[in-house]
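One structure is given here, and the rest of the page talks about it.
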Amino acid sequence: MELPTKPSDSEAEKASNSYVMSLLALMAGLPLPIINLVATLIFFLGNRKSTYFVRWHCTQALLSQTTVLPINSAATIWTLTIIFGNSEVTNAYIAYLITVFVFNVCEFLATLYAAIETRKGKHVEWWFFGALTNLLIPETTSRSIHYNR
Amino acid sequence: MGKLFSQLAGLLFLFFGMWFLLSQIPFTSYYNFKELGKRNEQALADVMLNYIKLNSETIEEPYLDSVFVVFKNRICDSTSFASNDLQLHLLNSSDVNAFALPASNMVILSGLIDFCETPEELAGIMAHELAHIEHNHVTSRMIKELGFTVVMAMISGNSSGGQTVKEAVKMVSSSAFDRSQEVEADETAVKILVNSGIDPQHLANFFERLAEREPSFAKNLTWVSTHPDTKERAASVMEFTKNYSITVREVISEQQWSNFKEMVRKAS
């Protein structure tokens with residue numbers, strides 16, 4: 001999707017920060033999969049009346065974190081039932097952990113890439129999350145006034 | 001909208017497809033997770049047994065051991081358990097108590113043997129403790145109550161002095177399992193007894209006698225305090241028994257039983 005105008009420097013910084021926020025929270029609260037979601041949600045709520053570019057990227061960051069939450073929570077709960085309950089380590093469990101790890105790494109790299117690119121004022125749309133964000137934040141609701149740098 | 005759903009389908013296909021394909025790899029056969037568990041359990045049992053043996057008097061008599069082998073063979077034969085894997089430890093104490101430890105160790109106090117009127121009652125208690133071992137109740141409960149890190153610290157010898165080990169031993173010997181675990185152990189014990197040709201009625205009798213004598217003997221009847229609702233459990237043992245038909249065989253003769261009890265009494 002092409003943006004009508006290039007976002008301002010402060011818009012680009014705010015949009016980039018929404019991704020940086022989830023990365024930092026992810027690293028800080030790695031064992032608790034909800035911390036990065038909460039951090040991204042707080043950032044999203046803080047910027048929900050911001051410009052279209054900022055809101056769009058805050059929403060994309062929030063949606064991706066929301067999707068990762070149940071996947072990571074399932075891994076945590078499964079692990080706890082093995083440690084404290086009667087469940088055993090199975091091939092399915094190890095396969096799930098590897099899959100979750102791969103998806104988290106992909107999400108991490110995508111978030112990092114999005115943080116760098118949006119800081120440059122470029123619009124980055126992810127697979128599925130981009131399309132979903134477009135649906136939730138239609139361009140007509142834009143409140144922003146774009147300025148060319 | 002169509003693009004959105006096709007991308008979602010692609011994402012889900014990627015996730016579940018990857019999970020499914022990876023599940024086909026036999027990871028668990030590359031590394032034996034049960035063995036790892038067993039090694040740690042053995043180390044945990046060694047730490048606890050060392051503490052118990054330092055603080056209690058162990059009774060070691062070849063004759064008593066030979067009788068215990070008969071009991072062990074009898075109750076283990078009907079399970080997946082190898083009789084040799086079950087390690088019995090007889091301690092000198094007037095407490096009416098028996099408890100399971102990790103790595104297939106079972107501790108029986110001389111007071112319990114003295115309280116049992118028949119060899120079948122003792123076999124019933126042993127079957128109950130064996131059921132706790134079979135269902136891995138002991139280790140899971142220790143991890144649940146003490147925490148995984150503390151248990152691992154005990155194994156590696158990094159726990160703070162002997163205090164943690166003391167607490168762990170106190171916990172397994174004097175506090176109750178979850179009610180669901182007790183019911184599961186009772187149910188399994190009935191199955192073991194029936195398959196071993198021992199009438200579970202004896203286990204129920206043991207519970208009832210304990211419940212009746214509880215007021216005057218309460219302070220020594222640890223098994224009662226660790227296994228609550230004794231009367232109710234006697235009834236449920238009989239309820240479980242209804243599902244089976246039993247061909248009863250003698251565990252040991254009356255003469256052997258009285259010799260055994262006498263020997264335990266003398267050694268105490």
Side-chain angles (χ1 to χ4, degrees), chain A residues 1 31 33 56 59-60 63-111 124-138, chain B residues 1-38 40-41 131-152 155 177-178 180-181 184-185 188:
Chain A
M1 188 183 79
W56 197 96
T59 308
Q60 180 168 253
L63 288 174
S64 71
Q65 294 299 330
T66 312
T67 313
V68 167
L69 175 76
I71 296 171
N72 288 358
S73 300
T76 309
I77 292 164
W78 199 342
T79 306
L80 291 175
T81 58
I82 288 170
I83 297 172
F84 301 111
N86 296 324
S87 304
E88 286 184 359
V89 175
T90 57
N91 291 331
Y93 168 71
I94 297 170
Y96 185 77
L97 284 192
I98 296 172
T99 310
V100 167
F101 178 75
V102 170
F103 267 71
N104 273 277
V105 168
C106 291
E107 209 252 350
F108 184 86
L109 293 176
T111 308
V124 180
E125 274 190 34
W126 291 345
W127 176 270
F128 172 67
F129 297 110
L132 186 61
T133 311
N134 282 332
L135 197 74
L136 295 172
I137 315 279
Chain B
M1 202 66 165
K3 187 184 166 193
L4 182 75
F5 281 113
S6 65
Q7 288 188 350
L8 174 65
L11 205 63
L12 291 173
F13 179 77
L14 205 65
F15 183 85
F16 287 104
M18 189 176 170
W19 183 15
F20 175 75
L21 288 177
L22 284 169
S23 300
Q24 307 310 307
I25 303 170
F27 295 106
T28 48
S29 61
Y30 296 150
Y31 198 86
N32 199 334
F33 287 92
K34 279 185 180 171
E35 272 305 311
L36 178 77
K38 274 186 182 171
N40 282 335
E41 276 201 16
H132 279 310
I133 292 171
E134 251 198 313
H135 293 297
N136 197 30
H137 288 165
V138 188
T139 314
S140 63
R141 180 170 149 237
M142 284 183 69
I143 292 171
K144 199 173 174 182
E145 292 190 18
L146 294 175
F148 187 72
T149 324
V150 173
V151 172
M152 290 310 285
I155 294 169
F177 282 93
D178 288 352
S180 63
Q181 289 183 327
E184 189 178 32
T188 308

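Sequence lines set the chain letters: A, B, ... in the order given, protein chains first and strands last, and positions in each chain run from 1.
How far OG1 of Thr99(A) is from CG of Leu22(B): 4.5 Å, rounded to the nearest 0.5 Å. If you take OG1 on Thr67(A) and CZ on Phe15(B), they are separated by 11.0 Å, rounding to the nearest 0.5 Å. Summarising the geometry, atom OG belonging to Ser6(B) is positioned 10.5 Å from atom CZ belonging to Phe128(A); distances are rounded to the nearest 0.5 Å.
Contacts of Leu21(B) with chain A are absent, with no heavy-atom separation under 4.5 Å from either backbone or side chain. Leu132(A) touches chain B through backbone and side chain together, each having a heavy atom under 4.5 Å away. For Phe103(A), the part lying near chain B is the side chain, with the backbone staying farther off; criterion is any non-hydrogen pair under 4.5 Å. Heavy atoms closer than 4.5 Å to chain B are found in the side chain of Ile71(A), but not in its backbone.
A donor-acceptor pair under 3.5 Å links the side-chain atoms of Trp19(B) to the main chain of Ala92(A), judged by distance alone.
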